[in-house]
Asker: 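Got a structure here, written out as structure tokens. Questions coming.
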Number of protein chains: 2
Amino acid sequence: MATIKDVAREAGVSVATVSRVFNNSPLVSEMTAEAVLEVATRLDYWPNGAARSLSTRRTGTIGVVLPDLYGEFFSEIIRGIDTEARAGKYQILLSSSHAAESALVKAAQSMRGRIDGLIAMAPHAGSSNALGEFARHFPVVLLNPGFPVENCGVVSIANFEGARAMVRHLLEMGHRRIALVKGPSGNVDAEERRRGYREALKEGEGDLDPSLEIPGDFDQESGYASADLLLRLQPRPTAVFAANDWTAFGLMSALSEAGVRVPGEMAVAGFDDMSIAPFLNPPLTTVRVDAAELGKRAVRLWFDAVRTPPESRIFPREILPTTLKVRRSCGARNGTPERERAGRRGTGTENGRRE
Amino acid sequence: MATIKDVAREAGVSVATVSRVFNNSPLVSEMTAEAVLEVATRLDYWPNGAARSLSTRRTGTIGVVLPDLYGEFFSEIIRGIDTEARAGKYQILLSSSHAAESALVKAAQSMRGRIDGLIAMAPHAGSSNALGEFARHFPVVLLNPGFPVENCGVVSIANFEGARAMVRHLLEMGHRRIALVKGPSGNVDAEERRRGYREALKEGEGDLDPSLEIPGDFDQESGYASADLLLRLQPRPTAVFAANDWTAFGLMSALSEAGVRVPGEMAVAGFDDMSIAPFLNPPLTTVRVDAAELGKRAVRLWFDAVRTPPESRIFPREILPTTLKVRRSCGARNGTPERERAGRRGTGTENGRRE
DNA sequence: TTGTATGCGTTATCAG
DNA sequence: CTGATAACGCATACAA
């Protein structure tokens, strides 16, 4: 593989000149530049990234560590990160960190010298101190952390506000007895959504009854299973809020099999707004989480940090608003919403705050 | 940030010794190693990746360039790549290449010196020569390319075989007039699936009628729209094979709205086996493409290449078999298939060949 | 078992 | 405008 030296020799100039050409330095005559470029193309030369970053102390890449690369949510986050990073001429060094809490740390370790900073999603509070350590060396932005970390930028999801808005909506629709199919216990998102559920019921006239809170696990299966308990409740609820869309899907399958009409006999709501949600039968009313936007914001925060001298850096905590998507699974409020088209999502009301 | 020199000085040894410790060299006494490690931990030292790869000419990372990071298919590919790469102690430098054909080349260019090779999905034949150029420098594996490229490993999808198997199945179920909702014209996968469709009809007793081939675009919307044409056909087909699951979803929505029972009046089949497919109403009969496995195989092929001296390298072309997933949307063959559980998929017959 | 010295491919500083 | 040359942080051949 041709190096800068080869090009210099072949073009009859010094390596410094070649370097200048490839860095668009104005300190080189157009004629020389052309000649160098010609030789470079002929020799199929391109600067070696490792050498370059060793010399400049910049790598032009952001490390991204996510707990797991499974599902639409994560793929959307990555897409958002990639899009925004590319727009800023940065690349992405990706790693999933497995569930183990030490994995995140190890992944980040092994990226040293190869990244200018980190965007990470850390499910375990145990990673906290290690992350703080990294943050002393370079900018770190955390995605929806369940614990406070110093010296890191943070983007979280308005789970609480989204859930509260959804339950408020159900109350507005006249429901009083609203069940909740919870997410896995210990999960930050699940916990916040439950808080929002309770808060809305407390504010409104809803039944705040512990027996209405059915266990769930964020998956289709647990949603399916929850229908059984749901239908046994006395008096039977008229609406269910599932902690995420997968749960809602399972729930709707089970209700359909049980001959319970949705939304007629039971309104169903979800959380996430997966791409399939508008196309279910009936289309699912849910809370939209714009995962790609989550990724984009993380990158923007990260860029802000990079462009700021370390001593005057601030560490903003941003909260990604969620949006209520009213579809048919909860009955129509103002007539039946128009049919949504693929790729085009209807508008809605934003829930959440910014800081 | 502490360097190897800092550690050496602090520990009272040479940099060579520190280096040996971090490379698990047996040529260092246990005592010294411990001391070095102690100091390293205290100084929060970790080898600089750029410097290391400059010296060793190995980076420990694979460049991954995909045309677009959207949707479950791509996220699964990435997951497969990541899983397998991590198992082999490799990291992933990710980049989406936009649709532009030069983008792939640029992305790969800018990765030079930072990767040991490339796994790419190149939708445009124009990238062909550039890829061949890369392949002369380091191992390249292509994902499902629509054109022949020299010196590259290749993993493609058994689109033809999968489609043929599906249509054969429909024929077996007694259907004779089977429509096809095509994918976008020019798309490799779409083209191969159509070939499989025609082949099966030719072999069997099906109607090989051009008017049965309805235009589509791989999305929900075009599937929805296709129902109109489908229902107008004279005589009306008893089954439709949609070129992918999204198309099938749209089709099923439209049929449901039109009051056409599935599978009673119209059998519907898809292609891809998206995660939601088993949970539709009725569950969708489709052809499973294991995208994660596609990614894994690409990495394995890549590993094979890396571990082989360049002169004796061969460039295998592997074809990922697809699997027929029989569910209820085409009617049951041997009674109703058992209900599938999330995360557990039923077995099926493999279609495709290996080389 | 340990240390010394050289090279990896660039950038950047300093002279010309 | 151009050219030497010293870093950058590490691995390794060679010496000890």
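In the text below, chain A, chain B and the rest are named by the order of the sequence lines, each starting its count at 1. Just so you know, these numbers use all the heavy atoms, side chains as well, and skip hydrogens, waters and symmetry mates.
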Asker: Mark yes or no for a side-chain to base donor-acceptor pair under 3.5 Å between B/S55 and C/dG7, with no hydrogen or angle criteria applied.
Answerer: yes

Asker: The side chain of A/T32 is closest to which nucleotide in this list: C/dT10, D/dC10, D/dC1?
Answerer: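 Within the option list, the nearest is D/dC1.
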
Asker: Of the nucleotides C/dG9, D/dC10, C/dT11, which one has an atom closest to the side chain of A/N23?
Answerer: C/dT11

Asker: Between atom CZ in B/R52 and atom C1' in D/dT12, what is the gap in whole Å?
Answerer: 13 Å

Asker: Of the candidate nucleotides D/dT2, C/dT10, C/dG3, which contains the atom at the shortest distance from the side chain of B/S14?
Answerer: C/dG3

Asker: What is the separation between atom CZ on A/R57 and atom C1' on C/dA12, rounded to the nearest whole Å?
Answerer: 12 Å

Asker: For residues B/S156 and B/R317, is any side-chain donor paired with an opposing acceptor at under 3.5 Å?
Answerer: no

Asker: Tell me which nucleotide among C/dT1, D/dT12, D/dG3 gets nearest to the side chain of A/T17.
Answerer: D/dG3

Asker: CG of A/L54 versus P of C/dA12: gap in Å, rounded?
Answerer: 12 Å

Asker: Whole angstrom is fine here: how far is it from CZ in A/R9 over to P in D/dA4?
Answerer: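 Whole-Å distance recorded here is 14 Å.
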
Asker: So, do A/D116 and A/W302 sit near enough that their side-chain heavy atoms are less than 4.5 Å apart?
Answerer: yes

Asker: Of all the heavy-atom pairs spanning B/A292 and B/R79, show the shortest one and how long it is.
Answerer: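 What the structure gives for the nearest pair is CB-NH2, 4.5 Å.
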
Asker: Any donor-acceptor pair under 3.5 Å linking the side-chain atoms of B/T32 with those of B/S29?
Answerer: yes

Asker: Just how far, in rounded Å, is P of C/dT1 from CD of B/E34?
Answerer: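 The distance from CD of B/E34 to P of C/dT1 comes to 14 Å, rounded to the nearest Å.
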
Asker: Taking the side chain of B/S29 as its heavy atoms from C-beta onward, which of D/dA4, D/dC10, C/dT2 lies nearest to it?
Answerer: C/dT2

Asker: C/dG3 base to B/R20 side chain: any donor-acceptor pair below 3.5 Å?
Answerer: yes

Asker: Nearest of C/dT11, D/dT2, D/dC10 to any side-chain atom of B/I4?
Answerer: D/dC10

Asker: Output the single nucleotide from C/dA12, C/dG3, D/dG3 whose closest atom is nearest the side chain of B/A16.
Answerer: C/dG3

Asker: Nearest whole Å is fine: how far is C/dC8 C1' from A/N48 CG?
Answerer: 8 Å

Asker: Is B/V13 touching bases, backbone alone, or none of the nucleic acid, heavy atoms closer than 4.0 Å?
Answerer: sugar-phosphate

Asker: Where does the angle between the aromatic ring planes of B/F303 and B/Y90 fall among parallel (under 30°), tilted (30 to 60°) and perpendicular (over 60°)?
Answerer: tilted

